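Just below is one structure, and these are the notes that go with it.
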Amino acid sequence: MLKVVKTKECFSMNRKTATDGAARNDRELFVEKMQILERAGEHLKKEFVGLDAIIDEIVRQVSCWFVFPEMQEQPCIINLWGMTGVGKTALVSRLVELIGCANSFVRFDLGQSGQWGIHSGYLDKIARFDRKIIALDEFQHARTIDERGVEVKNYGERIIWDLLDSGTVHSFSGGPELFRISEFYAKLTGMIGRGLKARKGKVTAGKKLFVKEFDNFIGYRDRGKSKQEVHLIPDDFLGNFIYNNESSNPNFRLECEAREFFNRLDERQTLAALKDFIDSLQGQNHTTFTNLLIFVMGNLDEAYAAADNFNGEIDADVFYRSSLGITIHQIKEALKSRFRPEQIARLGNNHVIYPSMSRQSFQKLIEIELDRIAQRFFQEKKVRLEFDASLKELIYQEGVVPTQGVRPLISSLNQIVRANLGRIYASAFSTNQAVERILLSVKNRQIVCDYHRASARLFTSEIPVTLFKIRKEPLIPDDKQAVTAVHEAAHAIVGTILTGRLPKEIYSRSSMPGSEGYAFYENNTREVGSFKAFKNEATICLAGLAAEKIFFGGSGATAGASSDIARATAFISDMIQQCGMTREAVRYNMNPELPGVIHDVSESENKAKIYLKKAYRAARRLIRQERRLLLEVANYLSENPSMNGETFNDFLTRFATPEGLENFNNGNLPYRARLHEMLSEARNEATMPEKKLVLIKGRKNSVTAA
């Protein structure tokens, strides 16, 4: 998901073909354009790792805009969403180069430029081209709704949404100055209505209110202000009128010229002059951008549930599989927290969703980057560099944070390899024989450099490296790891038996700050949040504390369960107060202003205490039942920092009780199977013959059912 090769190659039509297109056969032009796109797609797949499906989809969506420009009635909008560092911006920029549209391409960084990220002046540069491409990068920062759900006053949004709607832009040269003058005009209008008077540019009535109001508005800093005179247009505001060279108003080149002009006006004349300035800037041009392709690119953490998880110990494939399940509906739900519904509609339905990078993609990227280093080193120094698997694994372990894409990985690779190339090459001069090949490997947290000539190894040197994610010293098992092993083993065992799901990893010693250990499960977005599931989650949360007390006694239990208790309480509280999962279908909330709820939460709190006690007793019961299994798993974790899911499954099979294995295999309520079973029963009852009363001959008043 990173551009790893960049060449000057471009597959666009030659200039003669473009200008003489009318004389060409339509079929030949069509074929040529399709070939340009196909070659561009093939080239992109060589440059970007793990994005073949994404590239195919983007090329497909671009094809109509590129091949049939005359059919373009509205802008073609393609939305690219993904976590940081997955190759959105780089891929679009490279595609633009490959199809020969670099000169008609403009990229707006809405995260860097803020509310002034788009200005019509930039668009004028590409207006003359037949095909025009705009990239709205970091689009999530153009939000029109803040975190509280309140609309944001975003001055730059007008052009953005005009482009996305029709491609027609109402251009003006005012920029932020126009909006400041407009707000000043609105405020001044209101104050004149309340009695403000001025003569020769100075306030004659309503001075106190005027100064107070404008202190809050822009900070009234008037260099000529005194108790006797107050300028209606403050000195610090005069600069807003200097830039306007196309206005019908006087063209001020200096602030003193603007001051002389305003000093001739009363309050009404000043208001009229401000209105003239505003009118002269608004709606000067209406530019329609035909054949416009718009790429909307952004990071939507709301759709990527794991986006804020910076844990580099978790398998990248876990996040990769999770990201593959993100749908367009989830993207639109995430957009709802940032934009108004009518704005989301303007984005259309062409949403390309980037997955996070898989382990294979990260490994392939490491291979490609190391090959590039080796090729460049050989070109410059005529010495071959070779990289052992141990070095590649070190780079992976140090550099990969699955949710942060390629940037941390490239940074670690540069720090481990590129930064040491000087020392590696310098050591080659320590012998009189010419070095032809250097093999780099890793041993004891050091880069081992084996220098070769032909098949003979000449000598070896070692270079220490600074490691950040991996602990610099070997892990020595201690008491803290032992108690963490018991705690996490309990979470994993109780969780597995109750839910029927195996953990992906169990850690008893972690390099993550603030975390000694944890059991990690892969999220299942289709899991049913039932009454049973809520109670099970509370039981799982309390299992660690229960195990500590069972094995080390009440006085030996640690403070590591505080977050577990909080989570268990939250699960039970939500179950009772929010979801109505009790005998009474009631929703509770102590906020007196919230309608549709019961405000007396004392009853629900008592119920929560009862359920928490039951959950804790259930955890203790399961731990005692699976005592042997827990001791075996905990012993392994007390000697090793982690246990993967396959090893845990082996321990479960060997040491779990028959009751535990049975519960594990029946951990989830089979809703679908139960539905089919009940339907079958209902259908069988419907097909059974009706029972009739039949009189038995020979017996008076005797009947039977047939």
Side-chain angles (χ1 to χ4, degrees), residues 305-306 308-309 311 314 480 483-508 510 512 514-525 527-552 554 556-579 581-582 604-627 629-630 633-634 637 642-643 645 648 652 660 663-664 667-669:
D308 60 349
N309 189 333
N311 190 340
I314 299 175
K480 194 168 187 178
V483 71
T484 303
V486 170
H487 187 103
E488 299 305 332
H491 282 313
I493 291 168
V494 172
T496 297
I497 290 175
L498 291 181
T499 67
R501 294 168 52 207
L502 291 168
K504 299 296 294 184
E505 295 280 350
I506 310 169
Y507 285 88
S508 58
S510 170
M512 291 298 294
S515 174
E516 276 300 316
Y518 56 90
F520 179 76
Y521 289 83
E522 190 168 352
N523 287 333
N524 178 8
T525 58
E527 188 173 4
V528 178
S530 64
F531 188 19
K532 177 183 177 182
F534 273 81
K535 293 190 294 183
N536 285 345
E537 288 294 338
T539 302
I540 296 166
C541 289
L542 299 175
L545 176 63
E548 288 185 28
K549 289 187 175 182
I550 289 173
F551 288 98
F552 304 120
T558 67
S562 59
S563 60
D564 294 333
I565 296 172
R567 288 178 60 225
T569 304
F571 276 121
I572 296 299
S573 296
D574 285 347
M575 179 185 78
I576 296 172
Q577 296 183 0
Q578 304 294 327
C579 304
M581 290 182 175
T582 56
S604 69
E605 289 177 346
N606 291 330
K607 290 180 180 178
K609 292 177 183 177
I610 294 172
Y611 278 113
L612 284 169
K613 289 178 181 178
K614 290 182 178 179
Y616 182 69
R617 287 198 294 267
R620 290 179 62 89
R621 183 169 59 253
L622 276 174
I623 290 167
R624 288 195 174 98
Q625 173 186 299
E626 304 300 329
R627 185 173 184 273
L629 172 60
L630 194 146
V633 173
L637 288 170
S642 66
M643 173 186 283
F648 179 80
L652 179 72
N663 289 334
F664 166 67
N668 291 317
L669 181 64

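Scope of the values below: all heavy atoms of this structure, side chains included, with no hydrogens, waters or symmetry mates. Nothing fancy with the numbering, it's 1 onward along the sequence. Keep in mind it's a predicted model, so treat the numbers as computed, not measured.
For the side-chain hydrogen bond (donor to acceptor under 3.5 Å, both in side chains) condition, no pair includes a residue of residues 538-547, sequence neighbours left out.
Atoms CD and CG, from Glu537 and Leu542 in turn, are 11.0 Å apart once rounded to the nearest 0.5 Å. Taking NE2 from His487 and CG from Leu545, the interatomic distance works out to 7.5 Å, rounded to the nearest 0.5 Å. Rounded to the nearest 0.5 angstrom, Leu612 CG and Arg617 CZ are separated by 11.0 Å. Rounded to the nearest 0.5 Å, atoms CG (Leu629) and CD1 (Ile497) are 6.5 Å apart. Distance NZ/Lys607 to OG/Ser573: 12.5 Å, rounded to 0.5 Å. Distance check, rounded to the nearest 0.5 Å: OH of Tyr616 to NZ of Lys549 gives 4.0 Å.
Cation-pi geometry between Lys614 and Tyr611 is met: under 6.0 angstrom from the ring centre, within 45 degrees of the axis.
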* Report the C-alpha distance between Leu498 and Ile540 in whole Å, list the side-chain angles of each, state the deciding distance to 0.1 Å, and finish with yes or no for side chain to side chain contact (heavy atoms under 4.5 Å, CB included). => CA-CA 8 Å; Leu498 291 181; Ile540 296 166; 4.3 Å; yes
* Begin from the C-alpha positions of Phe551 and Ile623 and carry the test side chain to side chain contact (heavy atoms under 4.5 Å, CB included) through to its verdict. => CA-CA 10 Å; Phe551 288 98; Ile623 290 167; 3.9 Å; yes
* Would Ile493 and Phe648 satisfy side chain to side chain contact (heavy atoms under 4.5 Å, CB included), going step by step from the backbone distance to the final call? -> CA-CA 9 Å; Ile493 291 168; Phe648 179 80; 3.9 Å; yes
* Might you work through the side chain to side chain contact (heavy atoms under 4.5 Å, CB included) test for Met643 and Glu488, ending with a clear yes or no? => CA-CA 11 Å; Met643 173 186 283; Glu488 299 305 332; over 6 Å; no
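In this structure, Thr496 and Pro503 approach most closely via the heavy-atom pair OG1-CD, 3.5 Å. Summarising the geometry of Thr484 relative to Ser508, their closest heavy-atom pair is CG2-O, 3.4 Å, with the distance given to 0.1 Å. Taking both residues in full, the closest heavy atoms of Ala489 and Ala634 are given as CB-N, 4.1 Å, listed atom of the first, atom of the second, then distance. Counting all heavy atoms, side chain and backbone alike, Asp564 lies closest to Cys541 at CB-O, 3.1 Å. Residues Gly544 and His491 share a closest heavy-atom pair of N-CE1, 3.5 Å. Minimum interatomic distance between Phe571 and Phe534 (heavy atoms only, all atoms of both residues): O-CD2, 3.3 Å.
For the pair Glu505 (side chain) and Ser642 (backbone), a donor-acceptor distance under 3.5 Å is absent.
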